[in-house]
2 protein chains.
Amino acid sequence: MRIVALAGGIGGARFLRGLRAAAPEAEITVIGNTGDDISLFGLRVCPDLDTVMYTLGGGINEEQGWGRRDESFTVKEELLEYGVGPSWFGLGDRDFATHIVRTQMLAAGYRLSAVTEALCDRWRPGVRLIPMTDDQVETHVVVDDPERGRRAIHFQEWWVRLRAALPAVSIAPVGADEAKPAPGVLKAIEAADVVLFPPSNPVVSIGTILSIPGIKDAVERKTVVGVSPIIGGAPVRGMADACLTAIGVETSAQAVAEHYGADLLDGWLVDEADEGVAVEGVEVRSRPLLMSDPEATEAIARAALDLAGELAQ
Amino acid sequence: MRIVALAGGIGGARFLRGLRAAAPEAEITVIGNTGDDISLFGLRVCPDLDTVMYTLGGGINEEQGWGRRDESFTVKEELLEYGVGPSWFGLGDRDFATHIVRTQMLAAGYRLSAVTEALCDRWRPGVRLIPMTDDQVETHVVVDDPERGRRAIHFQEWWVRLRAALPAVSIAPVGADEAKPAPGVLKAIEAADVVLFPPSNPVVSIGTILSIPGIKDAVERKTVVGVSPIIGGAPVRGMADACLTAIGVETSAQAVAEHYGADLLDGWLVDEADEGVAVEGVEVRSRPLLMSDPEATEAIARAALDLAGELAQ
């Protein structure tokens, strides 16, 4: 079986670990969001790709969901001694090595997809991880800053520094219009038996991946099953509600399914708390969706695959 | 009093600490060797500038003489996990921060002299530290490699990886011919009451600095006192003998003074073990030259200044 999953960071990575356990024989291709990428200290940081890589490769900080296990912060502290920030982005020493290798390879002319493959040589995540694009796409958020007026800031500044406390006027993946899917992305989707949307952020993760010209069209031709990131009107984790509000979508399993739409979505898994969700043309199933441990996560992934199997018949 | 000192790494830095103690009221400008600089992991590393900065700023690893105190090596170990070396160059986590700041500033268009000034804002070394040049000059060493034949390698590869075990056929500061002294270098020399040569390597430290067009001429017009890096026919530390052999100079206090020559040198401090050294046109004094502790080092610096004072009369 060939599976393609579009993935953001923490929630997506955890789901993928369950998926790998649920379908150990499957060939899984993960198309990773790079809209959160940011250059810090002259180094290229790809938070979502790294979260997937570290989670599936056994290097993740489990409690935190991002960053490396047994991490130290000497480099960051020293940078702050030089007065060089930002202080609000938590780059650890082990993590720095990843960004140094990536930046050096990019500077040598390798594309991000080739760099990601090289990094995965170490982590052996058990899936093929491809960035959505090799082109630079950065999610920017327009906010009404009480001090500085309306302005666009990098997604990470909004998400990590401001913790999305300043309402977003709009959110846009800058550069997406001109971007091309990375080599292998469209081919993997075309060859897939099923495309899965993990419970990742529908706006700044799945939405950003789908904004790359060509990807949405390719996905629409496939059997697509999504797992709702919203349970009982609240995001399972993170601040997806702030993103949904910005694009005028209610924070509910129902509204997110309608936002994706029946052209895209064939099946939709919602939590038991959201029983009753109904979208014409979409097969909705309810079951426990909390990824509380590896077994629960594996069962969710299996349910998504089972639904896809039914829909493909 | 205005003092200019040309300095390499460990020996130079220790001497400078003594000099600062010996002349607390003096305005000291240090012209630092950058021929040892190397790009590693996409980062610009300036070993001699950093050794001076860390030593005078209180951040040096005292036992080792280079690198930071309380250092850890997490980033380097992680890079090696990615298969990214070299493994033979010891960059610690604290040290990495320095190179990250430097590289980011250079990429932003700042010159090395401006970057060095910015880094010194943190370390407050109590001297003005200027790189010899803002242009790229790299000391290359020609060796007869038993496996790969005659070839030129970077100084650091010869010095650190091979520990100078492969005899040098020749040593050259590549790029020096085209390089210009960094802003402030010539002005500092012109304004100096005395120019000191600390017991740094006469070939790859002092020699490299003097190879930048304009510096040697400016120094020659000044009262110059040198401190012999050779005691009783052996380098005080390091492997200066391997460098001297490569340029056909004997490893002795006498031969190094003759190599500098009376046009350049006015005074020459040698160790008591080298009493009898005599060079026409150079005032030679003998005294203990082992920089065994801060007090001994300060006394050596004071002796150099006293000799300069006499010569200037």
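When reading the values below, keep in mind they use all heavy atoms of this one structure, side chains included, and skip hydrogens, waters and symmetry mates.
- A distance of 9.5 Å separates CZ in A:Arg94 from CG in B:Asp93, rounded to the nearest 0.5 Å.
- Of the inter-residue distances, the one linking A:Glu78 atom CD with B:Arg122 atom CZ reads 4.0 Å to the nearest 0.5 angstrom.
- Scanning all heavy atoms of the two residues, the minimum distance from B:Val75 to A:Ala97 falls at O-CB, 3.8 Å.
- Contact record, B:Thr98 with A:Tyr82: OG1-OH, 2.6 Å, taken as the closest heavy-atom pair.
- Counting non-hydrogen atoms of neighbouring residues, nucleotides and ligands closer than 6.0 angstrom, the CZ atom of A:Arg163 reaches no more than 12 such neighbours.
- In this structure the side chain of B:Gln104 reaches within 4.5 angstrom of the side chain of A:Val84, judged on heavy atoms.
- For A:Arg2, the CZ atom is loosely surrounded, since the number of other residues' heavy atoms within 6.0 Å does not exceed 12.
- Applying the 6.0 Å contact sphere to CD of B:Glu117 captures no more than 12 heavy atoms from other residues, nucleotides or ligands.
- B:Glu178 CD: 12 or fewer foreign heavy atoms inside a 6.0 Å radius.
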>> One pair to check against side chain to side chain contact (heavy atoms under 4.5 Å, CB included): A:Phe96 and B:Thr74. What are the steps and the verdict?
In response: CA-CA 9 Å; A:Phe96 257 108; B:Thr74 306; over 6 Å; no
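- Within a 6.0 Å radius of CZ in B:Arg111, other residues, nucleotides and ligands contribute 12 heavy atoms or fewer.
- For chain B, no part of A:Thr103 is nearby; none of its heavy atoms comes within less than 4.5 Å.
- With respect to chain B, the highest number of heavy-atom pairs below 4.5 Å among A:Leu43, A:Val101, A:Asp95 belongs to A:Val101.
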